[in-house]
Amino acid sequence: MTGPLVPFREFVLKVHSRCDLACDHCYVYEHADQSWLTRPKVISDEAISWTARRLAEHATTHALPSVTVILHGGEPLLAGPARLRRVCEELGSALNGIAELDLRIHTNGVQLSPRYLDLFDEFHVRVGISLDGDRAANDRHRRFADGRSSHPMVLRAVELLREERYRHLDLGLLCTVDIHNDPVAVHDALAELEPPLVDFLLPHATWDEPPPRPDGSPTAYAAWLLTVFDRWTERGRPMPVRMFSSVLSSLSGGPSLTESLGLAPTDLVVIETDGTLEQVDSLKSAYEGAAATGFDVFSNTFDEVAAHPGVRARQLGLAGVSETCRRCPVVRSCGGGLYTHRYRSDGASGGGFDNPSVYCADLAALIRGIEERTVAATESPAVRSPAALLAAHQDLTRTLLAVVHDTLGGRGGALWDDAWRLAAAVEADTAGADALDAVLAHPYTRTWLVDALTDLDAGRGLAEPAAERLAATVAAAAVRARLDLPVPVAYRDGGLHLPTLGTVVLGGPGERGAAVVHPADGGFLVRETEAAPGTGRRIAPDEPEGPHWLPVRVLRQAPAPALLLDDLDPLRDCFDAPAVDRLAAEDAEAWAHRIAGAWALLADAVPDQAAEAARTLTTLTPLSTGAAAPGRHGPGALGSGPVTGAMEPALGLLSGFRRAKLRALGEVTDLYALDGTWEHRTPWGNEHVTFSRLLAETYERAGLGLYDPRFLTGVPEALDMIENAAEVTVDGKQLIAAVRKEISGTRSAAGRNRGRSLSPSGDGAIVLVSDRKVTFE
Amino acid sequence: MKTYGTTPDFAPAKTRATLAATDVRSADAVTKINRVCGATTARSTRISTFNSAL
């Protein structure tokens, strides 16, 4: 087993090994492992002290910002308030100044009283309670040894925890599923208590001891849970449900939220009352000694346990599940199920955990069932609506700027602080807010902010040009909105670039200084800070290019839309090929002609694509070489080298637009997850590629296929592959559905574009690398 | 032909929170940022994943 050691972040501390209930479904007492019989009832002082010491050591070694400790049992309240106080004090003291301590306790609630809750309030120990639903459901298993119901006592505990004075400690309710119970009654009983969180647990079972299936259905547990899901939905999702949230998260490309689902590496360890260290203790359901590691807190570090083969086996992601699971499209959501539920003693390889879950069919049906029920509501509108895509990017850019400011925490310097304050003043004006949005939506704003945040996260601090960019951005917005608002700025290398507007030349190469931009008469006045009052450069609204002003040009030649030809922005050099310097006027004219010619072809051949491109493309940046392509920036830009004729730029623009669109989508929603975990064979190149590459090539080919159907060779097969891949998310599937719609009927329209034969020499420049093996019909 | 002047609109007008009131700490904000920046200093609330507790 290879790969870096995964540090533990979650520690289950068994503070008492006995229980005051005798639930017949409990894995601790009723299943294969009976090690509880030999454990001390209560955790010892020595075990507490060593646990605290090992925790601090582990948190220090791995620079963990926080650790979660769950006080567990048996029934942890049986340890008594004095012992629990000692645990809280020792853990808190050991971790003080090292890591945040997230303390929790999970109890059956029978003993819960103000005596305990006052203690928990003092140490901020949050409380989860087990409750299996309504009284009939709860009493099916959760009874005292003499058969008495625990239900009234548990309800009293829940009510106490809901009181105003303790509500902040309430974690929620944990419900073990029994399919004999009425799922609607269980849901309603739990929801009525208004818990902040609920989770449903499948009863522990293995292939040796399968779960009861009274009607023989292989998906009886899925059916029960989906009935709960439907009730939960019908009631307006009254509380979060961890199991459902986990499935919804993974379907959308996010992480799983529980060890029982998903491929995330397990990062929890169990400390028994005698200080021995065990793997997750549900393994006790598998066989005697299944959870043992042979380590204890007195002699071993947590790192030693983290390297234990049994622990590592649950940290391997896809490599840690069975062969059957690795090929299953829902594995990203189910993760092969809870490790314990995979056990069989008579497996082909001699027994063990290398099997699908005994709940495999249930998990698949549950995940598919939730997907079918929620797909319409969870899809991002950005996939189907270009306007929603732009809105999502506007929101992303603003969030990035706010996060940069928040991360700076007042250490951005005077220029940054002034600009941030003035941005608020600009935003307070309606026209100012629109103008600021327009400047922030310039594609190179994103380049600036991503670079700035990357620097801050790497501890490099804010570079001076990054601070200056905020000032220039605010100044450009103030000018566009014609606000009477002087904005302090800084210039360097002799120039002050106002994004989307142009560059004011204030000095020679290498010169830098401070200045103020003051909007005036539709244009603006720039005065250097050291200059005498009444001096400065005045730039009129239509100021032509001259020695002191280089405007960003706008290409306006029908049928192409108005596009910035941005050969000035200092951040534009973010493409694979280098950006060129300021173009001569005649070269800019030539660009306008070429783009208009290309657009005429696109508008005729692919009117829908051309219309969408016209609405979303804003900026072209001349590069030294290469076909049109997006770079490292926000949506709306393409860079392109010098090209001639109309055909090649048309296909280049279409290709670049498709790549830019896919990139823009991937920046605001998750189209796939766990890219690179599986390999896929491209229908056109017979090459093994990652999912992201397969999607990118397919999306681009489908777009080019609208122009010339010969590009569609292999695309339908690729779309099928993508749709059935484990990586694809709800939004990925939504995109594929949109592509299918786009290309439907394209072949029947083939004759229309047949005359636009492609130059063979142009193929390699337009399509992605693996396309070289494509054979046209 | 004039190739400069008023720049085209970039963004659709939309009601939104001010920059100062923009959510920067929630899990949703972290997810958004991580798509373009990878790991950031912003942190979301940690959840417990232990099956037998919350």
Handout entry: Ring center gap for His106(A) and Phe50(B) short of 6.0 angstrom
Key = no

Exercise for the section: Could you tell me which portion of Leu174(A) (side chain, backbone, both or neither) has an atom closer than 4.5 angstrom to a non-hydrogen atom of chain B? Expected result: both

Exercise for the section: Name the region of Ala424(A), side chain, backbone, both or neither, that has any atom closer than 4.5 Å to a heavy atom of chain B. Expected result: neither

Problem - Close side-chain approach of Asp267(A) and Thr49(B), heavy atoms under 4.5 Å - result: yes

Handout entry: Option that, when pairs with chain B are counted at under 4.5 Å, heavy atom only, ranks first among Ile129(A), Val12(A), Thr454(A)
Key = Val12(A)

Handout entry: Straight-line distance of Asp406(A) CG to Thr22(B) OG1, nearest 0.5 Å
Key = 10.5 Å

Fill in the blank from the handout: Rounded to the nearest 0.5 Å, the CG atom of Leu440(A) sits from the CG atom of Leu19(B) at a distance of 6.5 Å

Handout entry: Between Ala29(B), Ala20(B), Ala53(B), the one whose heavy-atom pairs under 4.5 Å with chain A are most numerous
Key = Ala53(B)

Handout entry: Residue part contacting chain B, namely of Val450(A), when any heavy atom lies under 4.5 Å
Key = both

Exercise for the section: Answer yes or no: is there a side-chain heavy-atom contact under 4.5 Å between Asp23(B) and Thr399(A)? Expected result: no

Handout entry: Min side-chain heavy-atom separation Thr340(A)-Asn51(B) under 4.5 Å
Key = no

Handout entry: Contact class of Asp670(A) relative to chain B, heavy atoms under 4.5 angstrom
Key = both

Exercise for the section: Determine yes or no for a side-chain-to-main-chain donor-acceptor pair under 3.5 angstrom, with Arg126(A) supplying the side chain and Leu54(B) the backbone. Expected result: no

Fill in the blank from the handout: Max heavy-atom pairs within cutoff under 4.5 Å with chain B, candidates Ile105(A), Val270(A), Leu400(A), goes to Leu400(A)

Handout entry: Atom group of Ala433(A) that falls short of 4.5 Å from chain B, counting heavy atoms
Key = both

Problem - Heavy-atom side-chain contact between Val24(B) and His405(A) under 4.5 Å - result: no

Exercise for the section: Under 4.5 Å heavy-atom distance to chain B, tell me which part of Trp591(A) shows up: side chain, backbone, both or neither. Expected result: neither

Handout entry: Distance in Å, Arg35(B) CZ paired with Leu396(A) CG, rounded so as to fall on 0.5 Å steps
Key = 8.5 Å

Problem - Spacing of OG belonging to Ser52(B) relative to CG belonging to Leu338(A), to within rounding of 0.5 Å - result: 8.0 Å

Handout entry: Check: Val36(B) main-chain N/O paired with Glu667(A) side-chain donor or acceptor under 3.5 Å
Key = no

Exercise for the section: For chain B, find which of Val668(A), Asp199(A), Leu401(A), Leu171(A) contributes the most heavy-atom pairs closer than 4.5 angstrom. Expected result: Val668(A)

